[in-house]
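The next block holds one structure in the form of structure tokens; read it before the comments.
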Amino acid sequence: MKEQDDILPDEIIRPGSRRGIVLTLVGSVVIVLIVNFALAHFMPRNPGYAVVRDKWAMLLNQKRPVDTLVLGDSSGYLGVIPAELEAKLKGPAINYCSIGAMLSVNDAWMLDAYLEKFPPPKRVILVHVYDIWATPVTPVTMSNVPTGKNWRFNLKTNLTLKQKARILLTDYFPLYSENQTISSYILQPWLDRSNVFSGGLESGFCPVETGNPLFVQSDTKIRLKNAQNQNFQMTGENRQALEYMVSLAKEKGFKLYVVNSPLYEKLYDNAEFQRYYAQTQTELKKLTDETSWAKVLFGEPQLFPIEEMGNSNHLLHSGARKFSSALADSILELEQRR
């Protein structure tokens, strides 16, 4: 055994030095920075994040004011057709809806940015899925707001110092903020990653022509499970953003309409879901009924068959035409009364 040990090679460990340690650390940091720079500039972005950035680019590059400004999440992006609003409300409209994770906080930031460029519109429409109002801020998604004039910090939202730091971190480190997207590209490069979150950037509406009924049913089951034995509670950041927009409507003299997204009809058949949905409506009405400048539209949601749904709250193009028409009719009726 001793002879065998004698013929085994010995590991030669070179003595460490302060200079070597510093070079190793600096080299590691430089490599991480280079990789993050390359990913930030050349990697295809998370599709949802790309929508946020595209919608902000639309807003910042917009040349003319509109009468109707539509803000909100993907249910509005796929469900509200500006041309339908223009035909009935008689004036230009634009759709800046993006994704649900941006909450109503992004609506307030976009409204601020719009009002910096143009006079107030006649009306602002907020279209959101019912459950975003109970969702907290996700710094990774909020980092997709342009930093140019720092809109993300000029509202008194419930963002903590830690959340703000994470937002800034995710701006420059996609290895952190888009780790799942990067992993998917590395592990499954053959997948087709095209999806509904593309196109429609002239008016802001994205038409989707075909859906998958099995996906609608699967999404509906998840929504029903999440509503079971739950009581609605609006998050502080959503509350403050909505209160801010209500105050802006009153101050600037435009109408603010809050609209819950269209829904798959079978989802609303469930009594437990109806209970949760009603709690959402009650809270939204409390925050908007304080002034005649704000209003929650549709006491009950606009319901659609599975053939017109992409999931439980995303409409296909055929359904979007009907939803947009109903939305315009509701607004027209209210404004003609006054």
Heavy-atom side-chain contact between [X] and [Y] under 4.5 Å:
X    : Y    : value
L327 : L297 : yes
M245 : S247 : no
P82  : T68  : no
N95  : K55  : yes
M309 : L315 : yes
L111 : L248 : yes
Y257 : L334 : yes
W56  : N61  : no

Does [X] reach the main-chain N or O of [Y] with its side chain, forming a donor-acceptor pair under 3.5 Å?
X    : Y    : result
S218 : L214 : no
E265 : L303 : no
T235 : T135 : yes
E84  : S325 : no
E272 : N229 : yes
N238 : I132 : yes
S330 : A326 : no
E237 : V137 : yes

Linked, directly or transitively: [X] and [Y] (ILVMFWY side chains, under 4.5 Å):
X    : Y    : value
L71  : W293 : no
L60  : L69  : yes
F215 : L78  : no
Y276 : I222 : no

Once you measure the plane-to-plane angle for F323 and F298, does it fall in the parallel (<30°), tilted (30-60°) or perpendicular (>60°) bin? tilted
Taking the inter-plane angle between the rings of F205 and H317 on a 0 to 90° scale, is it parallel (under 30°), tilted (30 to 60°) or perpendicular (over 60°)?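 The arrangement is tilted - the two ring planes meet at 30° to 60°.
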Of all the heavy-atom pairs spanning [X] and [Y], show the shortest one and how long it is.
X    : Y    : value
T220 : S312 : OG1-CB, 3.7 Å
M110 : L59  : O-CD2, 3.6 Å
E86  : A93  : OE2-N, 2.9 Å
G211 : L316 : N-CD1, 3.7 Å
V51  : S98  : CG1-CA, 3.8 Å
S324 : G79  : OG-O, 3.1 Å

Just grab all the salt bridge (Lys or Arg N to Asp or Glu O under 4.0 Å) pairs involving residues 303-330, residues at least two apart or on different chains. K88-D329, E308-K322
Test log, rule side-chain contact (heavy atoms from CB on, under 4.5 Å), inputs V296 and Q281: CA-CA 8 Å; V296 175; Q281 288 288 87; 3.9 Å; yes
Take N270 and R223 through the test side-chain hydrogen bond (donor to acceptor under 3.5 Å, both in side chains) and record every step on the way to the result. CA-CA 11 Å; N270 182 274; R223 300 266 175 192; over 6 Å; no
Out of curiosity, [X] [atom1] to [Y] [atom2], how far, rounded to the nearest 0.5 Å?
X    : Y    : atom1 : atom2 : result
T280 : N260 : OG1   : CG    : 6.5 Å
F273 : K266 : CZ    : NZ    : 15.0 Å
D112 : D107 : CG    : CG    : 11.5 Å
K221 : L267 : NZ    : CG    : 13.5 Å
L256 : I125 : CG    : CD1   : 9.5 Å
I331 : K255 : CD1   : NZ    : 11.5 Å

Determine, stepwise, if the pair L103 / D73 fulfils side-chain contact (heavy atoms from CB on, under 4.5 Å). CA-CA 7 Å; L103 313 182; D73 59 29; over 6 Å; no
Heavy-atom count around K117 NZ within 6.0 Å, excluding the residue itself: above 12? yes
In terms of heavy-atom contacts, does CD of Q228 have more than 12 from other residues, nucleotides or ligands at under 6.0 Å? yes
Audit row: C97, V70, side-chain contact (heavy atoms from CB on, under 4.5 Å) steps and yes/no: CA-CA 7 Å; C97 296; V70 186; 3.7 Å; yes
Tell me whether [X] is salt-bridged to [Y], with the criterion being a basic N under 4.0 Å from an acidic carboxylate O.
X    : Y    : value
K250 : E290 : no
K295 : D289 : no
R239 : E283 : yes

With no hydrogens and no angle check, do the side chains of S75 and H314 hold a donor and an acceptor under 3.5 Å apart?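 On atom types as modelled, these side chains do not qualify, holding no pair under 3.5 Å.
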Are Y264 and N311 close enough that a side-chain donor and a side-chain acceptor fall under 3.5 Å?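 No.
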So, Y130 versus Y268, ring centres under 6.0 angstrom or not? no
For side-chain contact (heavy atoms from CB on, under 4.5 Å), just list the numbers for L287 and E243, CA-CA rounded to whole Å, side-chain angles, deciding distance to a tenth of an Å, and then say yes or no. CA-CA 7 Å; L287 294 174; E243 287 175 343; 3.7 Å; yes
